[in-house]
Number of protein chains: 2
Amino acid sequence: MTLADVAHQAGVSSSTASLVLSGRGRELRISTAVHDRVREAAETLGYRRNTISVGLRKGLTNTIGFVSDTVASSQLAGGMIRGALDAARESGYMLFMSETGGGPVQERRAIEAMLDHRVDGLILASMFTRQHGALAVELETLPVVLLNSLPPDGGGPAAIVPDEQAAGRAAAEQLLAAGHRDIHLIGAGPTLEDAPAASEAGRLRLAGILEALTEAGVPPASGYPYRSWNPAHGWEAVHDLLERGKVPEALLCFNDRLAFGAYQALQEAGLRIPEDTSVISFDDAPLAGWLRPTLTTFAIPHRAMGTMAVEMLVGALRAEGAHPLGAQVHRVRMPLRERGSVAVRSPA
Amino acid sequence: MTLADVAHQAGVSSSTASLVLSGRGRELRISTAVHDRVREAAETLGYRRNTISVGLRKGLTNTIGFVSDTVASSQLAGGMIRGALDAARESGYMLFMSETGGGPVQERRAIEAMLDHRVDGLILASMFTRQHGALAVELETLPVVLLNSLPPDGGGPAAIVPDEQAAGRAAAEQLLAAGHRDIHLIGAGPTLEDAPAASEAGRLRLAGILEALTEAGVPPASGYPYRSWNPAHGWEAVHDLLERGKVPEALLCFNDRLAFGAYQALQEAGLRIPEDTSVISFDDAPLAGWLRPTLTTFAIPHRAMGTMAVEMLVGALRAEGAHPLGAQVHRVRMPLRERGSVAVRSPA
DNA sequence: CTGAAAGCGCTTACAG
DNA sequence: CTGAAAGCGCTTACAG
């Protein structure tokens, strides 16, 4: 079924059929009769426009490349894909997916493959918030947005990241407002220097936390920096804390997996959450809703970020055709999921 | 940079340049000199073949569509995407991703979009193993594979699913071999009728379990059927079990989330795993490795399944060009991850 | 208001 | 051994 078939069936030229079917018929004052005949022919023949030929002819493929390190397979940030996919569908774009595993060489190859397929725009997504390496020059010719990573030094494309620092502040403020003064940091701290080097999120969360605590005149009671943030680390930190003989009033965990480990250590010691110890955290992984009690945590707005990435791209494409996007960094608010792990402490 | 540019630079026609660059030069005995000149021109000009024009000309796009209900965003089966992406890269294919949310109308639309973009083959993936609904007729013209779902009644495309029944058998046998005779089923059972209607996995796991237990003359001590399998259900079941005053010897949980809930109830009651109660499960979610003790569970081989789907498609495409795949159902073995939650019971 | 022609960038018979 | 021509299925000036 080609356009020629439809045109023939409707008894018009393929130019006319093309005009009608692409919606430019009215504008060019094609008669209603012809209009209807073409529409009907297309309908009865079950015609569908061949996107490939359109792509070749127009130089635009209605296609966006989504290159990530391990977003799909790591099962932690699927929301970004969901948001991107939804927004793409809304705007009539298709998404090419690709995973690099994180290596710059693989990233380069993945991007080349995307370019070979003539994507109209490109999303470069990261599992964890980090600073992105230098980008290939070819990328200066089409709109690119960094999703969950920061532009390389010396400028770069637009970027979308969670507002980690604000969330850090908010987490500390949440505990302070609940009356806690004995606040332990699990994952980083106690000073600004004790942040995992590779983690932008860690650095910013810590900065926000320390700002709020300092302003309140309540320095952290302790800090347990770790390079990676898994339950075993959370368990270890809290186990150590308890061995020193003190029951912490409040634990500020740098992510939900650490909080899970903290739960385990607390519960093994017979302590109750939140009556004995309050816990607050970041990420809002599915886990957070499964814990007992459910975990109060600041969500990474993955889905909103994914949506935003596609919308920015589509906006740029519709604006003046495939021009590079400015180098703004968009920081998206991390919403608080208030659940059951923070207790209000009655003033002593 | 087009082929014409390369040809011009090398001083040959674009036919010749095409032949050389597509690797058919040797075969057609093009002179080494010309060969080298074309290669060099392509190199220095940074020529990359325009996949879109090739697609139009050949009618083949080197593209596979991956339509799922919620595989990427549910964050439970990311391995399927990973496997598919890896295999596609290996074979020089690109993957279009799309998520339908599960509705048949949305699925239909997603498939049409894929067809409009002239994918060479199609993967229809499900989050949970289920029977797939009827497929549109258009799909009879290109290779399709169902990933993690079974063909509709009356035949259909090839399908890849985990071998749930064998895993059910193996799980029961594992507990029996460890000397357990007091085995409680959490999630389905105690009889074959007590399976969640919508879950193919539940039905088959249960069938396998009951086969093995019946053969051993050890009927399940109890069964707790649930329609959905979340930690809260696991907790509830085990809480109920304990309220009846008995400490179960072994819990056979229908997935890791249920097992997590069982852990919570057991630990809140001061029971030790696996000393007091053994626990075994299915899925091998990331959670399984985070629990204390780590959870013994049968993994869903998501990644292998994803790889297999692409390889089958590519095989069919390379064989005799885009013919439909036979209706075999491939059942992939679910490997046991033997960890710390099952104890050997000394004979009383 | 509608049609004929050119062209997007390739590949593939077909000549020579 | 190499080149000229046609054609994949569209869209877009350009005529009329």
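Keep in mind that what you see is a predicted model, and the values were worked out from it rather than measured.
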Interatomic distance, B:Ile52 CD1 vs D:dT11 C1' [rounded to whole Å]: 16 Å
Nearest to side-chain heavy atoms of B:Asn50, which nucleotide of D:dG9, C:dC10, C:dG3: C:dC10
Residue mapping more 5' on DNA chain C - nearest nucleotide basis, A:Val34 or A:Ser53: A:Val34
Side-chain N or O of B:Ser18 closer than 4.0 Å to phosphate OP1/OP2 of C:dT12: no
Residue-phosphate contact under 4.0 Å: A:Thr16 side-chain N/O, C:dG3 OP1/OP2: yes
Whole-Å gap separating P (D:dG9) and NE2 (B:His117): 17 Å
Whole-Å gap separating P (D:dC1) and CZ (B:Arg37): 14 Å
Rounded interatomic separation in angstrom, taking CG from B:Asn62 and P from D:dC8: 20 Å
Integer-rounded Å distance: D:dT11 P and A:Leu56 CG: 12 Å
OP1 or OP2 of D:dT11 under 4.0 Å from side-chain N/O of A:Arg24: no
Which nucleotide in D:dC1, D:dC8, C:dT2 has an atom nearest any side-chain atom of B:Arg57: D:dC8
Closest listed nucleotide, where the reference is the side chain of A:Arg49 and the choices are C:dG3, D:dT11, D:dG9: D:dT11
Touch class at under 4.0 angstrom, heavy-atom based, for A:Ser15 against every strand present: base
Under-4.0 Å side-chain N/O to phosphate OP1/OP2 contact, A:Thr2 with D:dG9: no
Any donor-acceptor N/O pair, B:Asn148 side chain to B:Val161 backbone, under 3.5 Å: no
B:Asp86/B:Arg89 salt bridge by N-O under 4.0 Å criterion: yes
Gap separating the CE atom of B:Met114 from the CG atom of B:Leu142, nearest 0.5 angstrom: 11.5 Å
Separation of D:dC1 P from B:His35 NE2 (nearest whole Å): 12 Å
Proximity to the side chain of A:Val12 - top-ranked nucleotide from C:dG3, C:dT11, D:dC10: C:dG3
Salt bridge B:Asp116-A:Arg48, side-chain N to carboxylate O under 4.0 Å: yes
Among C:dC8, C:dT12, C:dG3, the nucleotide that comes nearest once only the side chain of B:Lys58 is considered: C:dT12
B:Val54 side chain, from C-beta outward: closest of C:dT11, C:dT2, D:dT12: C:dT11
Length of the line joining B:Leu60:CG and D:dC8:P, which is rounded to integer Å: 16 Å
Lys/Arg-Asp/Glu bridge criterion (N-O < 4.0 Å) met for A:Arg39, A:Glu43: no
Integer-rounded Å distance: D:dC8 P and A:Met1 CE: 14 Å
Ring centroid separation B:Phe96 to B:Phe66 under 6.0 Å: no
Sugar-phosphate only, base, or nothing, as touched by B:Leu19 at under 4.0 Å among non-hydrogen atoms: base
For C:dC14, the Watson-Crick or wobble partner whose two distances fall under 3.5 Å: D:dG3
Closest to side chain of B:Ile30, choosing from D:dC10, C:dT11, D:dT2: D:dT2
Sugar-phosphate only, base, or nothing, as touched by A:Arg118 at under 4.0 Å among non-hydrogen atoms: nothing
D:dT2 phosphate, OP1 or OP2, under 4.0 Å from B:Ser31 side-chain N/O: yes
